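These numbers come from a predicted model, not from an experiment. Every heavy atom of this structure was used, including side-chain atoms; hydrogens, water molecules and symmetry mates were not. In the text below, chain A, chain B and the rest are named by the order of the sequence lines, each starting its count at 1.
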There are 2 protein chains.
Amino acid sequence: MTTTGDTRARILTAATELFRRQGYAATGMKQIVATAEAPYGSAYHFFPGGKAQLGEEVVRTSGAAYLALIGELFGEDAGTDPVEATREAFLGAAATLESLDFADPCPIATVALEVASTHEGLRRATAEVFASWIDALAGSYASRGIGSARATATSVIALLEGAFMLGRANRSPEPVLTAASAAAAIVAGALRN
Amino acid sequence: MTTTGDTRARILTAATELFRRQGYAATGMKQIVATAEAPYGSAYHFFPGGKAQLGEEVVRTSGAAYLALIGELFGEDAGTDPVEATREAFLGAAATLESLDFADPCPIATVALEVASTHEGLRRATAEVFASWIDALAGSYASRGIGSARATATSVIALLEGAFMLGRANRSPEPVLTAASAAAAIVAGALRN
DNA sequence: GTCTATATTAGGATAGAC
DNA sequence: GTCTATCCTAATATAGAC
């Protein structure tokens with residue numbers, strides 16, 4: 001039994017952490033392997049497609065992890081009021097933002113903006129991840145009687161991402177806390193239709 | 001009369017365009033001067049602080065331009081219904097997104113995420129620009145009878161930024177169009193309080 | 001198959017000719 | 001004061017020793 005799996009995982013974890021903090025372009029492969037305490041060659045051994053492949057795996061892996069989180073927060077067992085579940089999710093996100101010392105709680109946001117016009121493969125990966133989150137959230141909303149569930153989910157995710165942006169720029173959780181009420185209002189409004 | 005003013009302005013314009021499309025880190029000084037059709041040395045002649053100074057001027061200049069746009073869209077002469085003014089602003093932004101071929105309609109968003117944890121001077125510049133937009137929008141909302149005007153404005157700006165992110169990732173104006181209704185709902189909800 | 005050393009290109013920045 | 005040539009570092013990626 002080797003430590004192969006560990007090394008690959010460490011590189012992926014280090015890349016996720018650095019991309020969320022600095023973005024894709026500003027993060028070098030050398031910095032990634034140094035953070036992962038892995039030899040330089042291992043990066044290209046495990047990710048022969050280089051930085052682009054690593055970026056895509058980071059996006060898809062973190063995307064799946066966050067999809068699971070949405071399942072926990074909005075799944076069948078998670079209380080029945082979608083308005084309060086939404087508000088609670090934003091309050092938790094505000095706390096996460098602060099606990100990360102204002103690194104992006106969303107590990108793909110910075111990368112998504114950076115690559116949208118320049119790296120088609122990565123752009124598609126981010127689009128698919130966002131779509132998976134919106135689908136999951138919309139499913140939860142629909143099952144709780146919200147009419148335009150997909151539109152509502154799209155707006156709630158957008159509001160969360162934008163609130164992260166303002167919170168990071170201000171080094172303050174306040175925009176995310178403020179957005180919690182607005183998100184609740186969006187969902188409450190959709191519930192009445 | 002020299003062409004000095006032109007060259008400096010061309011460099012600033014080129015940097016703005018490239019930063020909005022590729023971000024700060026992925027854009028090189030050489031690419032900026034090539035796009036501006038300016039000699040390489042001019043960049044450091046006009047911006048002795050190098051790329052960081054150029055980045056900060058891009059943020060502040062575009063920030064001021066967008067502040068003026070908010071003034072046009074939400075100023076005294078711009079119709080009295082803040083709900084419809086907000087909706088119209090989002091519909092216009094969706095059209096802009098498409099007309100830019102899905103470059104970011106917000107020239108500072110990508111930079112803001114990239115530098116938030118790494119370049120303190122630039123981070124402050126983005127924070128001040130966001131604050132200026134929120135202040136202006138909140139002033140308009142307050143004058144039209146919205147109680148928690150600053151919170152409302154914060155959420156509307158966040159929603160717009162997040163909708164741009166989803167729209168760029170999807171190469172579609174749909175998230176911004178969808179967010180138009182949610183933004184209207186946020187403002188309408190605040191109007192009732 | 002793990003890792004070191006290097007190839008190659010591009011990065012930001014500067015010196016100095018004109 | 002405009003612009004060209006260059007410096008030095010760091011980028012991604014690869015070759016090949018062990």
Student: Please pick, from D:dC3, C:dT4, D:dT4, the nucleotide with the shortest atom-to-atom distance to any side-chain atom of B:S42.
Tutor: D:dC3

Student: Using a strict threshold of under 4.0 Å (side-chain N to carboxylate O), is an ion pair present between A:R8 and A:E57?
Tutor: yes

Student: Expressed as a whole number of angstroms, how long is the span from A:M29:CE to C:dA10:P?
Tutor: 18 Å

Student: Round to a whole Å and report the spacing from CZ of B:R10 to C1' of D:dT2.
Tutor: 13 Å

Student: Are A:H45 and C:dT2 close enough that a side-chain N or O sits under 4.0 Å from OP1 or OP2?
Tutor: yes

Student: With respect to the side chain of B:Y40, which nucleotide from D:dC3, C:dT2, C:dT14 is positioned closest?
Tutor: C:dT14

Student: Could you tell me whether the phosphate oxygens of C:dA13, OP1 or OP2, come under 4.0 Å of any side-chain nitrogen or oxygen in B:Y44?
Tutor: yes

Student: Keeping the roles fixed (side chain from A:R21, backbone from A:A103), state whether a donor-acceptor pair exists under 3.5 Å.
Tutor: no

Student: Output the rounded distance in Å from CD1 (B:I11) to P (C:dA13).
Tutor: 14 Å

Student: When you measure from the side chain of B:K30, which nucleotide among D:dT12, C:dA13, D:dC3 comes out closest?
Tutor: C:dA13

Student: Between A:L137 and A:F74, does a side-chain contact (heavy atoms from CB on, under 4.5 Å) hold up when you go through it step by step?
Tutor: CA-CA 7 Å; A:L137 187 55; A:F74 291 91; 3.7 Å; yes

Student: To the nearest angstrom, how far is B:F47 atom CZ from C:dT14 atom C1'?
Tutor: 18 Å

Student: Should A:Y66 and A:V59 be regarded as members of a common hydrophobic cluster, given that ILVMFWY residues are connected when their side-chain heavy atoms come within less than 4.5 Å of each other, either directly or indirectly?
Tutor: yes

Student: Using a heavy-atom cut-off of under 4.0 Å over every strand shown, decide if A:G41 touches base, sugar-phosphate, or nothing.
Tutor: base

Student: Given atom CD of A:Q53 and atom P of D:dT14, what is their separation to the nearest angstrom?
Tutor: 12 Å

Student: Just how far, in rounded Å, is P of C:dA10 from CD of B:Q22?
Tutor: 14 Å

Student: What is the distance, to the nearest angstrom, from the CD1 atom on B:I32 to the C1' atom on C:dA13?
Tutor: 13 Å

Student: Judged by each residue's nearest nucleotide on DNA chain D, which is more toward the 5′ side, A:P48 or A:A26?
Tutor: A:A26

Student: Tell me: CD of A:Q31 to P of D:dT12, nearest whole Å?
Tutor: 9 Å

Student: So does A:K51 reach the base of D:dA13 with its side chain, donor to acceptor, closer than 3.5 Å?
Tutor: no

Student: Are B:E114 and B:T118 close enough that a side-chain donor and a side-chain acceptor fall under 3.5 Å?
Tutor: no

